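So the structure is just underneath, and the comments pick up after that.
Both backbone and side-chain heavy atoms feed into the values below; hydrogens, waters and symmetry mates do not. Counting convention: from 1, in listed order, for ligands and their atoms alike. Everything numeric in this text was worked out from a predicted model, so none of it was measured.
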Amino acid sequence: MQKLSFERSLKLFEKASRLIPGGVNSPVRAFKSVDTHPLFIERAQGAYMWDVDGNRMLDYIGSWGPAILGHSHPEVVAAVQKALPNGFSYGAPCALEIKIAELVQELVPSIEMVRLVSSGTEACMAALRLARGFTGREKIVKFTGCYHGHADMLLVKAGSGMATLGIPGSPGVPQGSTQDTLTLPFNDVAGLKALFAKQGSEIAAVIIEPFVGNANFIRPLDGYLELLSELCRASGALLIFDEVMTGFRVGLGGVQGLKGIKPDLTTLGKVIGGGMPIGAYGGRADVMAKIAPSGPVYQAGTLSGNPIAVTCGIKTLELLRSNYSFTDLAKRTRALVHGLKDSATRHGIPMSVDSEGGMFGFIFSEKLPHSYEEASTARVDLFKQFFRGMLHQGIYLAPSAFEAGFVSFAHTDQDIQETIAAADYVFAHLSQY
Ligand code: KE4
């Protein structure tokens with residue numbers, strides 16, 4: 001049975017663990033939820049990453065979304081290299097910030113004004129503060145399994161690392177920070193209607209991952225987002241689409257582009273920076289006008305809009321807009337997940353799959369989940385064995401049953417076929433991993 005050597009990664013992990021909590025700078029990377037240790041990556045190019053043991057890994061995480069063009073796209077590298085001698089950060093406005101704002105507005109028309117920050121967490125935290133400042137209300141609504149970064153008010157039944165680690169909230173988050181955060185199951189229409197009937201006039205904002213990628217891959221029921229949009233409009237609550245993951249990923253215009261829904265605010269991250277640290281929030285001009293210094297709602301950031309990250313983001317978005325077809329990407333992603341499902345079925349293993357654009361999910365369950373609660377009933381034990389087996393086949397999947405996966409424009413049809421062949425082998429030897 002094929003087993004790769006990860007010895008040097010293990011040694012580095014042991015050393016890192018003495019210096020960095022859990023040996024990583026973000027929890028999900030530690031591979032704790034798949035009962036093994038992480039790989040230390042030395043370099044990444046296109047659809048591949050090479051670890052410190054010299055193993056070439058076919059990457060279906062893409063830095064958790066940003067690497068949609070593939071790693072180190074030559075034209076992005078060239079653009080960043082050209083920008084470097086001009087300075088890394090000015091702490092002052094530059095024309096590049098106008099250029100990326102115009103691009104965002106063109107690709108996500110609901111965003112009439114936009115503010116750049118340095119992470120998705122910052123974007124979501126600021127958008128919620130803005131919604132509270134604009135409406136004068138304090139209640140916010142989120143959905144179990146959805147993850148919007150680690151701001152105190154959002155660490156209640158979050159998805160992503162939180163769900164995987166089974167932490168319902170988090171120590172260190174004061175009760176006062178979460179007492180106004182209401183939580184509902186995703187796709188719970190009755191619950192949504194009841195909440196708005198009872199407390200609609202108190203709600204500042206609803207924040208939602210319009211397609212959930214932090215509790216596996218969960219699609220909204222037909223009409224669910226439209227109902228949510230209507231309930232928000234009728235009650236005066238703001239609708240915030242957290243498209244940090246789905247933005248420029250499920251389609252060039254995100255979920256709102258697919259669905260034709262205009263949220264009041266949108267948060268972005270990941271792809272917008274092309275791998276460099278950029279987050280953004282934006283939307284209705286009358287709402288955004290409340291943000292300092294044009295309005296009283298405070299938000300700031302030393303490195304927001306720095307020329308290097310913005311150059312990387314601009315080139316990424318320009319290439320996405322003009323050189324690549326999301327139709328082709330969606331076709332390749334569908335071929336991947338349906339190939340995995342066919343392979344699992346051949347081996348008598350229950351698997352359900354779904355995808356949109358370059359984002360996908362597979363779950364060891366007879367049916368697709370409509371909520372985090374349903375996703376939680378899947379066979380996580382099978383997932384762990386499958387993950388470890390695929391790792392030894394050189395296939396790098398998200399190390400959690402509660403994450404989505406990503407295909408880039410650098411993945412080829414051959415890569416997809418090799419992945420399916422690897423899955424066939426692993427399913428035939430599952431008990432050995
Ligand atoms: P960051 O602060 O990690 O840039 O973004 C937070 C965030 C906000 N909204 C959504 C929908 C997100 O998916 C994220 C971050 N996603 C996780 C993975 N699912 C990042 C990976 C990690 O935590 O290391």
Open item on the list: Counting C-beta onward and ignoring hydrogens, is there a side-chain heavy-atom pair between Lys259 and Pro210 closer than 4.5 Å?
Closed with: no

TODO: Would you check if the distance from the ring center of Phe40 to the ring center of Phe6 is below 6.0 Å?
DONE: no

Task: Glu403 and ligand 1 - part of the residue with a heavy-atom distance under 4.0 Å - done: side chain

Open item on the list: Using the ring centroid of each side chain, check whether Phe386 and Phe364 are separated by less than 6.0 Å.
Closed with: yes

Task: Element-labelled atoms of ligand 1 that are located less than 4.0 Å from some non-hydrogen atom of Ser119 - done: 2 (O), 4 (O)

- [ ] Supply the atom-to-atom distance Glu243 CD to Glu209 CD, rounded to the nearest 0.5 angstrom.
- [x] 10.0 Å

TODO: Tell me, please: is Lys270 in heavy-atom contact with ligand 1, that is, under 4.0 Å?
DONE: yes

Open item on the list: Once rounded to the nearest 0.5 Å, what's the spacing between atom OG of Ser355 and atom NE2 of His338?
Closed with: 6.0 Å

Task: Distance filter under 4.0 Å to Gly149 heavy atoms, resulting ligand 1 atoms - done: 6 (C), 7 (C), 8 (C)

- [ ] Would you mind listing which atoms of ligand 1 come within a distance below 4.0 Å of any non-hydrogen atom of Val28?
- [x] 22 (C), 24 (O)

TODO: For Met245, counting its heavy atoms only, list the atoms of ligand 1 lying under 4.0 Å from any of them.
DONE: 13 (O), 19 (N)

- [ ] Check the pair His148, Asp242 against side chain to side chain donor-acceptor pair (under 3.5 Å), reporting the backbone distance first and the verdict last.
- [x] CA-CA 7 Å; His148 307 289; Asp242 176 353; 2.7 Å; yes

Task: For Glu209, atoms of ligand 1 separated by under 4.0 Å from a heavy atom - done: 11 (C)

TODO: Give the atoms of ligand 1, by number and element, whose distance to some non-hydrogen atom of Ser26 is under 4.0 Å.
DONE: 22 (C), 23 (O), 24 (O)

Task: Residue His148 vicinity, atoms of ligand 1 by number, heavy atom under 4.0 Å - done: 8 (C), 9 (N)

Task: Cation over ring face, Arg388 and Tyr433, 6.0 Å, 45° - done: no

- [ ] From the options Ile278, Thr121, Asn214, Thr246, select the one whose nearest heavy atom is closest to atom 12 (C) of ligand 1.
- [x] Asn214

